[in-house]
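Report on the following structure.
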Amino acid sequence: MTEQTIPGTGSGYDPQKIEEKWQKRWAEARVFESDVDPSKPKYYVLEMLPYPSGTLHMGHMRNYTIGDVVARVKRMHGFNVMHPMGWDAFGLPAENAAIKNNTHPREWTNKNIAEFQRVLRRFGFSYDWRREISTCEPEYYTWNQWFFLRMLERGLAYRKKSRVNWCPKCCTVLANEQVVNGGYCWRHEDTLVESREIEQWFLKTTAYAEQLLDDLKQLDGGWPERVILMQRNWIGKSQGAKVRFAVADLAGAEPIEVFTTRIDTIYGATAVILAPGHPLDSKLLEASPARVEADAKLAKMRQTSVKAEDLATMEKEGFFTGRYATNPFSGEKIPIWVGNFVLMEYGTGAIMAVPAHDQRDLEFCRKYGLPVRVVVEGKEVQSLKLKVEGEKKLAGAARTGQEAVEEAFTDYGVSVNSGPYSGMESEATIAKMTAFAEQKGFGRAETIFRLKDWGISRQRYWGTPIPVVYCSKDDMVAVPDKDLPVLLPPNPKLTGMGESPLASTPEFVNTVCPKCGGPARRETDTMDTFVDSSWYFYRYCDPHNDKAPFDSAKAAYWFPIDQYIGGITHAILHLLYSRFWCKVMRDLGLIKHNEPAVRLFTQGMVQKGGVAMSKSRGNVVGAEDMAQKYGADTGRLYTLFAAPPEKDLEWSEESIEGSWRFLNRVYRLVERHAQAVRRVKSRNACAATASRKEKILLRKAHQTLQRVTQDFETRWHFNSAIALIMELTNGIYLQEPLEEGVRQEVRKELLELLTLMLAPMTPHLAEELWEMLGHTGGLWTAGWPAFDEALTREDEVEIPVQVNGRLRGKVKVAVGTSGDEVEKLARADAVIAPHLAGKSIVKRIFVPDKLLNLVVA
RNA sequence: GCCCGGGUGGCGGAAUGGCAGACGCUGAGGACUUAAAAUCCUCCGGGGAUUUUUCCUCAUGUGGGUUCGACUCCCACCCCGGGCACCA
């Protein structure tokens, strides 16, 4: 080998050259392509597909590096690994860029895809590129339309009026992220966004609410607990009852239905409160003396729904409607109010206010002087508190329920002041009251969910057209399957103003009715891009199928996903929608499993200066620059080494040098011995014939292998695995020159293990070293090495000796030495002995080969 | 307000209840070199004693507890980050 070196390294390690060389070989040998093969165990590892925008930065790279390590480790373990990649290619940024630069969104998108792909290839990720998909291609989105039609047939897709953000200057609908500074248009920062009601398409996620909740149990242990929890809260199951309160003295008025989880507190209800916007509130106000005033208040309350973030801190406000409702249990007449803290979109849009047992109700009632009546008492401690408070305020008053309650008592307890239910425990009261309400026909048990149906309509161009048409004769008609895909018109007018782009494209809008052949108009909404990402991982199984979204047999082989990896930012929406889609596909008979991914890993963010990398902050570390400077392997290694994968990682330009130096060190080590060992067979010497040096090195190597194997399989603590490999490397260096006392075959064994352990993380370097060590078949044909348990065993250990739990010294003994023997040595130790002098040992804790603790008095 | 994470040297971070600070970065020193870079080796939490060696002591956000022994388990609190939020 020549003395040629690249500047500044002092070694022959040239990542640019090596990386290109091996990427080419891998491609030629089709190493990462995998197909259905029932004779082999399969492993499907998937990273969340990226939205191709801007530059690919180290945040992306971290995600893909983790996935790639897993894919490569699994391959080495003999699995048939599917590891695909694709593009979440529809979406608003492309449309905005197109408006700004007067180009087509496709142009911008494809340019970015090409760029992303180039950089991902540069990093040597082991993707099966034959499976690449791009969601903006008709070959893909036609199946979005196909799924939509299936849902439409099953009543899972429907239209209803719904609120959107509307900019009066743009005359268009804004996405949530286009609403800035707490309610202003992103382009007209002086213009307040309005809330408008328009017809929109929804998918009935609520039809699967119960299953989405229940099946979370199947993900226990495989998904991060907090993601499961976030999903559970999002679904928000709440069991309770709906109860109707008749409106007193108003002929023809509908009764007011309230939802409550605490029907047992109904005797303590001192008002009924409606949400602003409740269908009854204007009706109740008719002929009310306070009408004019009330109308103004109502109008104001209805308007405030735009500023969501203020809701939390907003003062509770309300007004009396002048009407009364009848408590169906007690017959009592209680006032009907309107209150801004009651939500129209949750429950029935009306509540009964029980101030003694709900903190919000208490605040409201206190503000407006409504009475507070205790109807549940705690069984023990809490009841004392209530009594004390009550007696203090109303010295000696009987339990009238008029105590001045400081804080709402929300726990279960015993019913009081509740007619025939007094004295019963809360659970029993709930059951009896619900039964009674059902029997009398004014209420029933009910479970409600916080989860809402998924609004998929977007008034945008760059998305999947919703495949329905509107005909004056036949009303709404689904586009038949044979007419799919409904293609996006190639030349839209994108201005960002006025009606949606598709609506202003006559050649798209005007069509014929598939039923009657008469003139008809196409639906001009496009689908939310979460639709694309809800099932893309199924398409990877069969990316070019033009008869179906995918072949069921192929999906049956590859699914469920064994390991899904992505950011915590998608903990709710993407994953919930994917789970929903999976259940719908199961009910369509396409698949048999209930959950798409059995294991989920959420990696931490890559930060710079304590904040996430983003273009606007200007702290982006481009992946390509990184590869240019140090090579892909160093970049990969550093992202794995700097922090455990689930934690946030602070990018440091200084620290990465360490990873670079380490790889150089490994390269030089192998380079130095390659000539001497390339022709011998690697074989670890048996302990009996091994020299002292050999023993030290082989033990260290196999101990490292043992722990690294574990780290890769269970803990995924790549950072400590790398630390161990560094230690091994340092250990080998310390025994140099190896020519003295280490046989060639042992040297080869050591260097091979080192290479194989690095292979999943720094694959290019590992391939190069493997070749230098005399292998011609490519490292990809090598399996993960097995460690030799006998070689990992130490024959001597240093046992820490504690006196009263404090470390006082160490004794060196043979493995398996008895406690008595260790104690004898400890007593004789010059440092330890003084701590025992004049004291007697009352207890001895001895953990063989680990520790001796002498408790003295 | 509620729910999750997290708090360990100058920095990133290691430690199935058993030697706190592995490994790396930074810094210091030495070797090599005409020199520099690179490389190789050594040292690197605070305080104290002893002065070539060691030893003692404090130290994992704070205060308690459990234990022979706690970064690790329990209770209370403080701080930082994230998510959710008037959900009846």
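Note on naming: letters A, B, ... go to the chains in the order of the sequence lines (proteins, then strands), and numbering restarts at 1 for each one. Predicted, not measured: the structure shown is a model, and the values here were computed from it.
Atom CZ of R665(A) has more than 12 heavy atoms from other residues, nucleotides or ligands within 6.0 Å. More than 12 heavy atoms of other residues, nucleotides or ligands sit less than 6.0 Å from atom CD of E794(A).
Within the 4.0 Å cut-off from OP1 or OP2 of U39(B), not a single side-chain nitrogen or oxygen of N664(A) is found. Of the side-chain N and O atoms in R668(A), one or more sit less than 4.0 angstrom from OP1 or OP2 of C40(B). The shortest distance between the side-chain N/O atoms of R661(A) and the OP1/OP2 oxygens of A38(B) is not below 4.0 Å.
Within 3.5 Å, no donor on the side chain of K843(A) pairs with an acceptor on the base of C68(B), nor the reverse. Under 3.5 Å, the side chain of Q802(A) and the base of G18(B) form at least one donor-acceptor pair of N or O atoms.
W716(A) and F601(A) have tilted rings, their planes meeting at an angle from 30° to 60° on a 0 to 90° scale. In this pair, Y577(A) and F530(A) present their aromatic rings perpendicular. The plane angle is above 60°, beyond the 30 to 60° band.
In this entry the distance linking CG of L637(A) with C1' of C23(B) reads 12 Å, nearest Å. If you take CG of L663(A) and P of C23(B), they are 18 Å apart, rounded to a whole angstrom. Per the geometry, CG belonging to L573(A) stands 13 Å off C1' belonging to G83(B), to the nearest Å. Atom NZ of K839(A) is separated from atom P of C68(B) by 18 Å (rounded to the nearest Å). Going from atom CG of D648(A) over to atom P of G7(B) covers 13 Å, rounded to whole Å. For E650(A) and G81(B), the CD to C1' distance is 13 Å, given to the nearest whole Å.
Nucleic acid contact for L229(A): sugar-phosphate only, since backbone atoms but no base atoms lie under 4.0 Å from a heavy atom of the residue.
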Footprint string (nucleotides 52-59 of chain B, 5' to 3'): B base within contact, S backbone only, - free, heavy atoms under 4.0 Å: ---SSSS-
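Distances were taken from every side-chain heavy atom of L734(A) (C-beta onward) to each of C41(B), U26(B), C23(B); the shortest belongs to C41(B). Between A88(B), A15(B), G18(B), one nucleotide has an atom nearer to the side chain of H717(A) than all others, and that is A15(B).
In this structure G9(B) sits in the syn conformation; its chi angle is within 90° of 0.
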